Number of protein chains: 2
Amino acid sequence: MHQTTIIDIAKALCISKSTVSRALTGHPNVNAKTRDRILDMAAQVDYQRNQLAISLLTNRTSTVGIMVPEFISFFFPKVIIGAQEELARSGYNVVICHSNESYETEVANAKALLASRIDGLIVSHTKETRNFDHFRSFQRKGIPVVFFNRVCEDMDVSKVTVDDYHGAFQAVEHLIQTGRRRIAHLSGPDTLMNSRSRLAGYHDALTKHGLPIAPELIISYDLNLDKANIYVNHLLNLPNPPDALFTINDPTALEALSVAKRRGLCVPDELAIVGFSDDPVSALIEPGLTTVSQPVHELGQQAAQVLLRQLLTEDNTFVAERVVLPTKLIIRGSTVQTSTNSY
Amino acid sequence: MHQTTIIDIAKALCISKSTVSRALTGHPNVNAKTRDRILDMAAQVDYQRNQLAISLLTNRTSTVGIMVPEFISFFFPKVIIGAQEELARSGYNVVICHSNESYETEVANAKALLASRIDGLIVSHTKETRNFDHFRSFQRKGIPVVFFNRVCEDMDVSKVTVDDYHGAFQAVEHLIQTGRRRIAHLSGPDTLMNSRSRLAGYHDALTKHGLPIAPELIISYDLNLDKANIYVNHLLNLPNPPDALFTINDPTALEALSVAKRRGLCVPDELAIVGFSDDPVSALIEPGLTTVSQPVHELGQQAAQVLLRQLLTEDNTFVAERVVLPTKLIIRGSTVQTSTNSY
DNA sequence: CTGTTAGCGCGTTCAC
DNA sequence: GTGAACGCGCTAACAG
């Protein structure tokens with residue numbers, strides 16, 4: 001099937017394709033009457049410009065790639081929407097990829113994005129990623145890269161995150177201030193910098209308040225939810241079990257809450273639980289989940305803005321930016337007994 | 001910034017670009033030695049083929065567009081993943097668009113997808129869409145379109161849905177069989193065919209069991225969750241309020257559950273509630289939400305498979321397919337008193 | 001086995 | 001104002 005081109009329009013009107021091109025792009029030097037005839041004909045044949053040809057010519061696609069490890073949780077879709085709104089405002093299209101937490105898929109996606117000549121990349125890497133050469137390719141070719149959420153420390157590119165360290169610190173301090181003394185931490189894989197930052201915050205909060213670091217209370221896991229309940233049960237089976245649990249994210253905390261319920265444990269009295277990210281579910285369940293909320297939409301906006309600034313910088317004078325957004329502790333029933341049960 | 005091309009490689013090796021092209025595409029007629037030199041050089045300069053040029057040449061992008069009204073809920077992302085897996089297997093890339101439930105955005109996205117010369121489109125339209133000309137453009141240009149979930153009745157294209165009618169029928173029948181007699185329905189906008197089908201199922205289930213249709217118990221709304229609680233409260237304030245509520249989707253049902261709790265109503269005894277889609281949250285809250293589950297992942301797979309079949313049909317012999325997947329009623333505490341409270 | 005040529009659709013010179 | 005010619009990067013047909 002043949003899509004109508006400017007040549008088709010030119011032939012139909014017995015004029016040159018240059019004139020058609022000029023009329024269609026709004027060039028001033030076109031006779032008003034011929035312009036109208038061209039525009040009419042274009043509408044009549046439902047002409048759509050071939051972006052491929054234009055991109056090949058201009059060496060710009062006006063397309064930005066966004067790659068995330070998954071988009072089943074609320075988090076990444078919301079970031080994507082924030083970024084997309086911002087990019088659309090500046091005339092950029094977006095292609096979304098998800099690596100499905102697989103390093104190989106991530107590399108394959110990166111190659112495909114490179115081949116499709118995107119103008120920039122916004123990315124949060126997989127939990128498996130240790131080698132970042134596939135992202136360095138973009139840098140070498142002069143295509144701006146912005147990391148968000150899960151960032152690569154070793155690359156000199158812009159990075160947008162929340163203050164994971166402080167969020168975790170606050171969460172643990174809240175547990176200490178409400179009387180907990182044996183606080184466990186179900187952490188993420190150490191490939192993720194945000195996981196390491198949250199662990200550091202946990203660590204320092206305990207230290208600040210003179211509590212010992214108990215290695216048996218710190219478990220790092222691969223975020224595979226099926227395993228979360230194994231680890232929670234393991235912690236609760238310890239001879240000296242924890243009285244509180246701080247988890248890497250909300251899904252893990254919800255899993256822990258469910259395990260606690262099944263074991264007949266009273267939350268928050270016997271076990272307090274704090275998550276991270278303020279998943280919408282956390283406000284709906286009972287007891288509500290205390291959690292560290294992050295400005296998710298803004299995360300996407302900021303990532304897009306940083307990228308746009310770099311895209312607008314003609315020469316190579318752009319220096320990588322580092323944006324850190326604030327977190328906020330949301331206190332709910334999983335750490336503090338609520339006065340009334342609304343049900 | 002210049003991206004390396006086959007010409008750069010050709011020059012560096014003092015050979016013609018055709019030979020480079022042949023070596024890179026795996027053409028057999030290349031001397032093994034020169035092939036190795038070319039491949040080495042390509043790896044060394046981190047050559048990435050320019051997909052734009054190839055697409056322009058072949059008039060195929062190997063890219064499929066997927067447009068959805070939103071992707072904050074679990075539903076659309078899961079459909080997209082199902083479709084993407086299937087399409088990737090056949091070597092197709094995917095660009096994801098969301099129209100944000102805005103007709104204008106949908107039209108703009110359609111134009112952009114047309115300009116970027118996608119090979120096919122998988123789409124669920126917005127709740128505002130009454131005019132489908134922007135989708136007919138694809139059809140006219142020979143680009144296959146597959147609707148899913150929210151389908152356009154008037155277009156002769158493939159459609160993949162679940163059995164909304166039967167799912168709703170079963171849900172309402174379940175309410176009747178558990179003793180409810182005044183069953184309300186919070187329905188979606190009548191622009192959505194799945195909403196109309198569910199309403200019809202509700203209607204026929206009542207009729208089959210000799211129950212009257214009470215117009216005051218049927219409310220159609222625009223899916224804007226902020227308004228859901230207004231309508232639920234309105235229903236519960238009626239002189240003769242409903243003893244059960246069947247909603248167009250789970251978020252609406254969850255909102256209703258929350259309103260019932262706030263009013264001190266006992267669910268399921270004083271008000272039974274049934275949703276649609278089996279949102280993951282529905283299993284987590286208390287009481288659990290009875291709901292009509294749909295095979296979400298399979299919905300995406302099927303949509304992709306139908307599209308792929310059409311993409312493979314060379315001539316215009318392809319006839320539009322109509323796929324209807326089964327639904328399944330999941331019974332939980334919001335309609336049937338559960339024996340134990342696990343907490 | 002390899003080089004030359006043409007052309008995909010478009011915008012952009014440069015003449016006229 | 002308008003048309004002819006060129007080239008973006010690549011593959012495919014045709015010669016050699």
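Everything numeric here is computed off the predicted structure, so don't read it as measured data.
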Would you please classify the geometry between the His125(B) ring and the Phe132(B) ring as parallel, tilted or perpendicular, with 30° and 60° separating the classes? perpendicular

Provide, to the nearest angstrom, the distance between the [atom1] atom belonging to [X] and the [atom2] atom belonging to [N].
X	N	atom1	atom2	result
Arg60(B)	dG9(C)	CZ	C1'	18 Å
Leu13(A)	dT2(D)	CG	C1'	14 Å
Asn59(B)	dC10(C)	CG	P	11 Å
Ile38(A)	dC10(C)	CD1	P	13 Å
Leu52(A)	dG9(D)	CG	C1'	12 Å
Asn29(B)	dC1(C)	CG	P	7 Å

Once each nucleotide of nucleotides 10-16 of chain D is scored for protein heavy atoms under 4.0 Å, what B/S/- sequence comes out, 5' to 3'? BBBB---

Is the distance between the ring centroids of Phe74(B) and Phe74(A) under 6.0 Å? no

When the ring centroid of His134(B) is compared with that of Tyr103(B), is the distance short of 6.0 Å? yes

CG of Leu13(A) to OG1 of Thr19(A): how many Å apart, nearest 0.5 Å? 10.0 Å

State, without any angle test, whether Thr126(B) and Thr129(B) hold a side-chain donor-acceptor pair at a distance under 3.5 Å. yes

Side-chain donor-acceptor pairs under 3.5 Å in residues 36-49 of chain A, sequence neighbours left out?
from, atom 1, to, atom 2, distance (Å)
Asp46(A), OD2, Ser137(B), OG, 2.5
Asp46(A), OD2, Arg140(B), NH2, 3.2
Arg49(A), NH2, Gln51(A), OE1, 3.2

Closer than 4.0 Å, any side-chain N/O of Thr19(B) to the OP1 or OP2 of dG3(C)? yes

